[in-house]
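Here is the naming used below: chain letters follow the sequence lines, and residue numbers restart at 1 for every chain. When reading the values below, keep in mind they use all heavy atoms of this one structure, side chains included, and skip hydrogens, waters and symmetry mates.
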Amino acid sequence: MASQILPLELIDRCIGSRIWVIMKSEREFSGTLLGFDDFVNMVLEDVTEYERTPTGTKTTKLAQTLLNGNNICMLVPGSNGPEE
Amino acid sequence: MADRGRGSAPRGARGGSTRGGRGTPISSGAALDKPKREAILDLSKYVNERIRVKFTGGREVTGMLKGYDQLLNLVLDEVEEEILEPQIHKRALGLVVLRGPTITLLSPVDGSEEIENPFLAPE
């Protein structure tokens with residue numbers, strides 16, 4: 001049991017580093033993780049939002065954001081996003 | 001002190017009178033109201049094996065299970081996401097945390113194979 005990695009622990013270790021968040025829909029965010037809560041709502045900084053459409057990917061830059069955990073599907077710690 | 005902490009001193013202090021009707025606690029072990037719920041799938045047997053995970057919303061990934069918790073959040077390594085549009089292709093994601101609330105299906109890759117579509121009318 002001790003040899004496995006706990007998911008929320010891995011996210012916790014990522015606080016202060018870059019994280020890539022993939023939503024259930026065709027939307028992704030990459031930013032610096034400032035923190036998260038029990039529901040994995042997340043606070044990110046220096047965020048780039050990627051919206052994938054059939055015609056291409058639209059990016060938007062955001063400052064500090066609160067990301068609602070309801071739609072979060074996957075988290076990639078230490079990654080700069082889809083264009084890395 | 002504890003009642004004040006919860007912000008409802010009058011309610012907390014007198015259990016019987018305000019509850020009207022449910023005065024007699026039948027089960028002396030009131031703390032055992034809810035049976036302890038265990039996971040129906042023991043994920044420890046899949047650790048270090050490749051599994052396929054599907055999500056609500058249509059995403060599909062495969063990866064090596066490295067860790068999990070009671071809420072079905074997973075840690076997968078060497079993850080490949082299978083994307084179906086514009087054409088079927090894969091992208092590598094590396095070490096990923098998968099959110100339990102969005103997971104709909106888990107199955108081991110070993111032992112599964114892709115077959116011809118059995119529902120197509122034969123030519």
Side-chain angles (χ1 to χ4, degrees), chain A residues 1-33 35-44 50-58 67-84, chain B residues 36 38-39 41-106 108:
Chain A
M1 191 64 145
S3 55
Q4 68 151 340
I5 311 175
L6 286 177
L8 296 182
E9 226 175 75
L10 183 52
I11 307 179
D12 191 55
R13 284 191 231 157
C14 183
I15 292 181
S17 343
R18 301 293 294 176
I19 190 167
W20 174 18
V21 183
I22 301 176
M23 313 303 269
K24 293 190 235 183
S25 58
E26 295 298 327
R27 198 181 288 263
E28 303 168 8
F29 295 86
S30 96
T32 307
L33 177 60
F36 67 101
D37 63 6
D38 286 344
F39 305 99
V40 196
N41 295 315
M42 312 190 86
V43 179
L44 304 170
Y50 302 91
E51 277 178 71
R52 304 181 158 272
T53 63
T55 47
T57 304
K58 170 179 156 192
L67 195 52
N68 190 326
N70 272 326
N71 295 298
I72 293 179
C73 187
M74 297 189 265
L75 300 139
V76 192
S79 172
N80 259 316
E83 269 135 43
E84 148 148 310
Chain B
K36 183 170 175 206
E38 292 184 7
L41 176 61
D42 179 21
L43 286 175
S44 60
K45 67 181 183 190
Y46 290 128
V47 170
N48 290 320
E49 305 227 350
R50 282 199 78 86
I51 55 170
R52 168 184 305 279
V53 183
K54 294 198 192 187
F55 301 96
T56 145
R59 291 197 191 264
E60 272 188 49
V61 302
T62 54
M64 189 170 301
L65 182 64
K66 287 293 180 188
Y68 57 94
D69 62 16
Q70 279 291 69
L71 306 172
L72 212 59
N73 296 317
L74 307 175
V75 178
L76 256 58
D77 201 356
E78 295 165 29
V79 169
E80 277 183 3
E81 178 183 359
E82 224 177 85
I83 304 174
L84 301 143
E85 39 179 287
Q87 330 84 348
I88 298 189
H89 65 283
K90 297 193 180 190
R91 63 174 176 172
L93 301 175
L95 180 66
V96 184
V97 173
L98 274 43
R99 286 284 289 137
T102 57
I103 293 176
T104 57
L105 179 151
L106 276 176

Trainee: Quick one: pull up CE in Met74(A) and CG in Leu74(B) and give me the separation to the nearest 0.5 Å.
Mentor: 11.5 Å
Trainee: Please look at Val61(B) and chain A and tell me whether the side chain, the backbone, both or neither of the residue comes under 4.5 angstrom of a heavy atom of that chain.
Mentor: side chain
Trainee: Quick one: closest heavy-atom pair of Val75(B) and Leu6(A), and the distance?
Mentor: CG2-C, 4.0 Å
Trainee: If I compare all heavy atoms of Leu95(B) with all of Pro77(A), which pair ends up nearest, and what's the gap?
Mentor: O-CD, 3.4 Å
Trainee: Side chain, backbone, both or neither: which part of Leu10(A) has an atom under 4.5 Å from a heavy atom of chain B?
Mentor: side chain
Trainee: Hey, could you give me the OH/CD1 distance between Tyr68(B) and Ile5(A), rounded to the nearest 0.5 Å?
Mentor: 12.5 Å
Trainee: Taking side chain as everything from C-beta outward and backbone as N, CA, C, O, which of these in Glu9(A) sits under 4.5 Å from a heavy atom of chain B? Side chain, backbone, both or neither.
Mentor: neither
Trainee: Within this structure, what is the CZ-CG distance for the pair Arg99(B) and Asn70(A), rounded to the nearest 0.5 Å?
Mentor: 9.0 Å
Trainee: Given the options Leu8(A), Val40(A), Val76(A), which has more heavy-atom pairs under 4.5 Å with chain B than any of the others?
Mentor: Val40(A)
Trainee: Using a cut-off of 6.0 Å, state whether more than 12 heavy atoms not belonging to Asp37(A) lie near its atom CG.
Mentor: yes
Trainee: Do you know the tightest heavy-atom contact between Pro7(A) and Asn73(B)?
Mentor: CG-O, 3.3 Å
Trainee: Which distance, rounded to the nearest 0.5 Å, do you find between the CD1 of Ile83(B) and the CZ of Arg52(A)?
Mentor: 6.0 Å
Trainee: Is it the side chain or the backbone of Leu93(B) that comes within 4.5 Å of chain A heavy atoms, both, or neither?
Mentor: both
Trainee: Determine the minimum heavy-atom distance between Lys24(A) and Thr56(B), stating which atoms define it.
Mentor: CD-O, 3.7 Å
Trainee: Could you pull out the closest heavy-atom pair between Trp20(A) and Arg91(B), with the gap in Å?
Mentor: CZ2-NH1, 3.5 Å
Trainee: For the backbone of Met23(A) and the side chain of Arg59(B), can you confirm whether one donor and one acceptor N or O come within less than 3.5 Å of each other?
Mentor: yes
Trainee: Quick one: of Leu98(B), Val96(B), Leu76(B), who has the most non-hydrogen atom pairs under 4.5 Å with chain A?
Mentor: Val96(B)
Trainee: Check whether Val47(B) gets within reach of chain A through its side chain, its backbone, both or neither, counting any heavy atom under 4.5 Å.
Mentor: neither
